[in-house]
Amino acid sequence: MDGRKGIWIGAVVALAIGLVSLRMEGQGSRTAEALFTALDANGDGSLTRGEIESGFNSWFTNWDTTKSGRLTRDEVTSGLSKLLPTPPAAKPGQANTFNPAGNSTPIAVRQESVDAMVAALPTTPGTTPLRARKVLVFAHTGPGGFVHASIPLAAKAVEELGKRGGLWTTTVSYNAKDINANNLKQYDAIFLDSTTGCFLDDADPSVTAARRAAFLNFVRSGKGIAAIHAATDSYHTDCLAAQAAANSGTGGRNFMAIILAAQLLTATGEEHKNAVTRQEWAAVGNDWFQKLNKDNTGKVSKADFIGHFKSLLPPFSPRMFSEPKPVLQWPEFNKLIGGYFKFHWPDPQLIHVKIDDPNSPLTAMFHRKEFEIRDETYTFAQESFSRRNVHVLTSIDYSKMSAEDKAKEVNPRTDGDYALSYIRREGQGRVFYEGHGHDDRVYAKTPMLAHIRAGIQYALGDLRADDSPSVK
């Protein structure tokens, strides 16, 4: 699997049952129609066993570009991409897309979401700041990253939290150029607003290096980083490939082709299967005809093919995908942020949140009580997260998750340790992270807003807390 495809295969795993499922429902008939047309060799509006067999055989021969006698997952995906309708191109910065160009423009925010957030702002005062503070909300998404629709709401929440009690002033930036040593001198903390992808990188390696150095020097010199949700879905894919794809304009992927390829390979009997033989491939086509030719007429109409197409395939599951291998081209960031994304339960998964440090001022708003939340909940790759690196504030009460929900995750953590929020020291500076924040409803919860406020004040240096690693 090449770097570009690895980025987007990982993206599909991340998207999993949620947004992808909606797209599949909306585009399933178009997919079925495209396949029917490709198989209907004589154009008579019906399919015979011979046409399906011939079509599958032809696809195998044409898609087996290496002539290995096996079709790889990538070859099936590539072949299907030529048969299926071209997906609509994502506009630069378009919300709720894996955007090849990332996002460098402000996103519109729904007024009702802003109103709900403002109504939920904490009425209890924050910690009195030691001096006037400035926070830079960095809302830029790297090339190929998922552009979260909640980004502008999170930025507005940071701004409003700072205004209440004069805790800090806020500047919002979607421009990676603002991360430079000179500009950062005026700020006390950076809030990473679901940044995603390789959010500081540029086509010019020297520019990338300068931005990364400015970012690290900023926090290590004694300032702070506060981060939410997709900030940990950053710098674990191939940054160079993502940038090359963005520059060439070929970064997009046909999601339906990726999903359908996974379903076709799984139909041969194995999840995570990455290649099929000609015999296995032919068996799938034969199975299609057997299922569709229920009246034994020897022909399948277009209407029947489209109407029953969904039943020909195993239900889509993220478990159909092997876990993409991380590509860590900035390990300093991976350690700083505390972990990197592996999987998420789709919104609105019910999560029981336990309080790991009930004595911390950053969890005081939860009153030592476990609580429930629904959101898109991230998990971290096993090797990327450790309590030896962070001081955990809250985490998933994994014992309360159903076996069915646990089974949605491929290769779950062997330790059952799923942190949600934590703090840590980075040099002389401080880092706070909260994993929830995908959906607007999170910002309409007073305790969550108070938690984010406390995290920002910790990052600023105004709120003292035990930030020693949870495991010494």
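Side-chain atoms are counted along with the backbone in the values below, which use heavy atoms only and exclude waters and symmetry mates. The model shown is predicted, which means the values in this text are computed figures rather than measured ones.
- Other residues, nucleotides and ligands contribute only 12 or fewer heavy atoms inside 6.0 Å of the CD atom of Gln428.
- Nearest heavy atoms, Leu167 versus Thr127: CD2-O, 3.5 Å.
- A donor-acceptor contact closer than 3.5 angstrom is absent between the side chains of Thr196 and Ser234.
- Using a 30° and 60° split on the angle between ring planes, Phe199 and Trp330 fall in the tilted class, from 30° to 60°.
- Counted by atom type alone, Asp74 and Thr72 present zero donor-acceptor pairs between their side chains at under 3.5 Å.
- Here Phe191 contributes atom CZ and Leu460 contributes atom CG; the two are 11.5 Å apart, rounded to the nearest 0.5 Å.
- Ion pairing of Arg212 with Asp201 is present here, as a side-chain N (NZ or NE/NH1/NH2) and a carboxylate O approach within less than 4.0 Å.
- Checked by atom type, the side-chain pair Gln349/Asp405 shows a donor-acceptor distance below 3.5 Å.
- Looking at Glu160 and Arg164, no side-chain N of the basic residue comes within less than 4.0 Å of a carboxylate O on the acidic one, giving no salt bridge.
- Each of Ile179, Thr195, Thr208 was checked for a side-chain contact (heavy atoms from CB on, under 4.5 Å) with Leu200, and the lone residue meeting it is Ile179.
- A salt bridge links Asp417 to Arg387: at least one charged side-chain nitrogen sits closer than 4.0 Å to a carboxylate oxygen.
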> Can Ile456 and Val158 be said to form a side chain to side chain contact (heavy atoms under 4.5 Å, CB included), step by step?
Replying inline: CA-CA 9 Å; Ile456 295 173; Val158 173; 4.0 Å; yes
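- In terms of heavy-atom proximity, Ala155 sits nearest to Val137 at CB-CG1, 3.8 Å.
- With respect to Arg425 and Asp467, a salt bridge is recorded, a charged nitrogen being found less than 4.0 Å from a carboxylate O.
- Taken to the nearest 0.5 Å, the CD1 atom of Ile452 stands 10.0 Å off from the CE atom of Met365.
- Taking the six-membered ring for Trp and thresholds of 30 and 60 degrees, Tyr422 and Phe385 have ring planes inclined between 30 and 60 degrees apart.
- Going from atom CD1 of Ile107 over to atom CG of Asp193 covers 8.5 Å, rounded to the nearest 0.5 Å.
- Using a 4.5 Å heavy-atom threshold, the side chains of Leu121 and Thr446 count as separate.
- Other residues, nucleotides and ligands contribute at most 12 non-hydrogen atoms within 6.0 Å of the NZ atom of Lys82.
- Arg441 and Asp347 are joined by a salt bridge, as a carboxylate oxygen and a charged side-chain nitrogen come within less than 4.0 angstrom of each other.
- Aromatic ring orientation, Phe371 versus Phe366: parallel (interplanar angle below 30°, classes split at 30° and 60°).
- At a cut-off of 3.5 Å, with distance as the only test, a side-chain donor of Thr170 or Trp168 sits close to an acceptor on the other residue.
- Using modelled atom types and a 3.5 Å distance limit, the side chains of His140 and Asn175 yield no donor-acceptor pair.
- Aromatic ring pairs are classed by plane angle as parallel below 30°, tilted from 30° to 60° and perpendicular above 60°; the pair Tyr378 and Phe341 is perpendicular.
- Remark: Ile351 CD1 to Ile396 CD1 distance equals 4.5 Å, nearest 0.5 Å.
- A donor-acceptor contact closer than 3.5 angstrom is absent between the side chains of Glu376 and His436.
- Within a 6.0 Å sphere centred on CD of Gln186, other residues, nucleotides and ligands contribute more than 12 heavy atoms.
- Side chains of Asp238 and Gln329: a donor-acceptor N/O pair is present below 3.5 angstrom, by distance only.
- In this structure, Met448 and Tyr443 have side chains that are not in contact, with every pair of non-hydrogen atoms separated by 4.5 Å or more.
- In this structure, Lys134 is positioned above the aromatic face of Tyr187, its NZ or CZ under 6.0 Å from the six-membered ring centre and within 45° of the axis.
- Between the Thr232 side chain and the Tyr340 main chain, no donor and acceptor come within less than 3.5 Å of each other.
- Atom CG of residue Leu313 and atom CD of residue Gln263 lie 4.5 Å apart, to the nearest 0.5 angstrom.
- Checked against a 6.0 Å centroid threshold, the rings of Phe432 and His451 count as neighbours.
- A salt bridge is defined here as a Lys NZ or Arg NE, NH1 or NH2 lying under 4.0 Å from an Asp or Glu carboxylate O, and Lys335 with Glu426 fails to meet this definition.
- With values rounded to the nearest 0.5 angstrom, Leu350 atom CG is found 10.5 Å from Lys400 atom NZ.
- A donor-acceptor pair shorter than 3.5 Å cannot be found between the side chains of Asp375 and Thr377.
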>> Go through it in stages, so that I can follow the logic: the residues are Ser150 and Asp440, the test is side-chain hydrogen bond (donor to acceptor under 3.5 Å, both in side chains), and I'd like the CA-CA distance, side-chain angles, deciding distance and then a yes or no.
In response: CA-CA 6 Å; Ser150 60; Asp440 288 5; 5.1 Å; no
